[in-house]
Amino acid sequence: MRYKALYGTHDILPDDSFKWQYLEDQVRKVFAPYNYKEIRVPTFEETELFSRSIGQDTDIVQKEMYTFTDQGKRSITLRPEGTAGVVRAYLQHSLGERSPLVKLFYFGSMFRQERPQKGRMREFHQFGIEAIGSNDPSLDAEQIEMAVRICEQLKITDFKLHLNSIGCPVCRPVHRDKLLNFMKDKVGKLCDDCKTRYMRNPLRMFDCKNEKCIEQLKDAPVMVDYLCEDCQTHYNQVKRYLEKLKIDYFEDKRLVRGLDYYTRTAFEIKSPLLGSQDTLLGGGRYDLLVEELGGKSTPAIGFAAGMERFMLVLEMQKKFDFEEKKLNLFIASLGVEAKAFAVKLIRDLRKKNITCDTDYLQRSLKAQMKEADRQKAEKVLIIGEEEIKKGKAILRDMQTGEQKQIELDRIDNVL
Ligand code: HAM
């Protein structure tokens, strides 16, 4: 085969696309009652939008972005995530002037040049939400509840909600100093990435999967123990609301996120079924990002989920709770007149939302019956010149094998 989908990308073939539709439908069903509205933003943006919001020192910006110079010599990047584009659109269209709190959701492809493995792709799909304009901790609880509801709606049982607070610019420097001090003599034992993180972005060391780094960081001071009063109050309230909502959470003091825009609440839903790429969904507050991108100081929170990862869990748990759309009728025709009749009949039936198909390859009756069987048609209508003259034809029930004669002009009554 000369051409193949690029490493880390995949085709969603017809046998699977209905599962993706199912996932999307279920997610939309959960979003609707929470009054979030869909937004669709471009797949590529100017590079600076992403480097500024995600952070220069993150893995995404340092090594994973698909960046190119276009014909107009502009630096363009395929979006590695959805939040930056949504905030850009929020500012560009002054959405905040229409309503003080804007609640949005989105679906779309994202692009990161990572090393592909199970649950990790170079083009992958996310659904996500963003609520821009409030710092109320009940909004944090609302979004976490939505994330949990999605798992429940999809009948996923094996998941765990991790929760943390990663503070704000007031309390972070205090923790940063403590952490740097604690790690001072251990830097030499860290992996190369963590050596750089130590210098530029020390909190990110907690996200390293390298056994040696995990060992060195075992007793390191964690952010949540150094929260300022406001962050502590916010965190306590989030937890209080979650308890009120009876949502189980695990306080994961070492949870940090891979993007730099986060403040305060950070959360992830993980599933042990996924192996090393076990995060189904992640998000948190980003109270400083709107201002960072040129807007007024505006608190915000959101999350995004990896649809490929949800799909893996659903496949493993066999939790697709739907039936594939059936082919209601296959029309097998023989002869020129019958074909012309079939062309019109099939149009009329489709207008009535009956899913039907016919032969387009001039096949024999036997081959057409075989095709109907292959396509799992519920019924087959067999028409030839004689049938048209009489206005009657044979309708075969493919499941029972029963055949009966029906009036052609009343066919939709018997389907
Ligand atoms: P993120 O943690 O980078 O956050 O990605 C969210 C989810 O996308 C992950 O939990 C994972 O399920 C999925 N994901 C990430 N990278 C890949 C990949 N290479 N292959 C497959 N799935 C992947 C964000 O993207 C933030 N924008 C979330 C957010 C929204 N925070 C606030 N609002």
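Order of appearance sets the numbers: ligands from 1, and atoms from 1 within every ligand. The figures that follow rest on heavy atoms only: side chains count, while hydrogens, waters and symmetry mates do not. Bear in mind the structure is a predicted one, so any value in this text is a computation, not a measurement.
Against a heavy-atom cut-off of under 4.0 Å, Gly119 is close to the following atoms of ligand 1: 20 (N), 21 (C), 22 (N). Close approach of ligand 1 to Tyr286 (heavy-atom distance below 4.0 Å) involves ligand atoms 32 (C), 33 (N). Within ligand 1, the atoms closer than 4.0 Å to a non-hydrogen atom of Gly283 are 31 (N), numbered from 1 in the order shown. Here is the list of ligand 1 atoms found below 4.0 Å of a heavy atom in Ala304: 6 (C), 7 (C), 28 (C), 29 (C), 30 (C).
Considering both main-chain and side-chain atoms, Glu114 comes within under 3.5 Å of ligand 1 through a nitrogen or oxygen pair. For ligand 1, the polar-atom distance check against Glu308 finds no nitrogen or oxygen pair separated by under 3.5 Å. Ligand 1 has a nitrogen or oxygen under 3.5 angstrom from a nitrogen or oxygen of Leu280. The N/O atoms of Arg120, backbone and side chain alike, include none that comes under 3.5 Å of an N/O atom in ligand 1.
The residue from Phe107, Phe18, Phe310 that alone fulfils the side chain to side chain contact (heavy atoms under 4.5 Å, CB included) condition with Leu23 is Phe310.
Counting protein heavy atoms only, atom 27 (N) of ligand 1 is closest to Glu81 OE1, 2.5 Å. Here the protein heavy atom with the shortest distance to atom 13 (C) of ligand 1 is Gly306 CA, 3.5 Å. Nearest non-hydrogen protein atom to atom 29 (C) of ligand 1 is Tyr262 OH, 3.3 Å. Considering only non-hydrogen protein atoms, atom 9 (C) of ligand 1 sits nearest to Thr279 O, 4.1 Å.
Residue contacts with ligand 1, taken as heavy atom pairs separated by less than 4.0 Å, do not involve Ile301 at all. The part of Leu281 lying near ligand 1 is the backbone, judged by heavy-atom distances below 4.0 Å. At a heavy-atom cutoff of 4.0 Å, ligand 1 is contacted by the side chain of Glu130 but not by its backbone. At a heavy-atom distance under 4.0 Å, no atom of Glu268 approaches ligand 1.
Counting heavy atoms only, Tyr261 comes closest to atom 26 (C) of ligand 1 of the residues Tyr261, Tyr106, Phe303. When Met110, Gln126, Met121 are checked for heavy-atom proximity to atom 8 (O) of ligand 1, Gln126 turns out nearest.
Judged by the 6.0 Å distance and 45° axis criteria, Lys186 is positioned over the aromatic ring of Phe182.
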Could you list the donor-acceptor pairs under 3.5 angstrom formed by side chains in residues 205-229, with sequence neighbours left out?
residue	atom	partner	partner atom	Å
Asp207	OD2	Arg204	NH1	2.9
Asn210	OD1	Lys212	N	2.9

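Ring pair Tyr286/Tyr262: centre-to-centre distance not below 6.0 Å.
The aromatic rings of Phe127 and Phe303 sit perpendicular, their planes meeting at an angle over 60°, well past the 30° parallel limit. The aromatic rings of Phe31 and Phe105 lie tilted to each other, with the angle between the two planes from 30° to 60°.
Looking at residues two or more places apart in sequence or on another chain, you find a side-chain hydrogen bond (donor to acceptor under 3.5 Å, both in side chains) between Asp140 and His234, Thr265, Arg285.
When atom types are taken as modelled, the side chain of Lys103 and the backbone of Tyr34 share a donor-acceptor pair closer than 3.5 angstrom.
Other residues, nucleotides and ligands place more than 12 heavy atoms under 6.0 Å from the CZ atom of Arg28.
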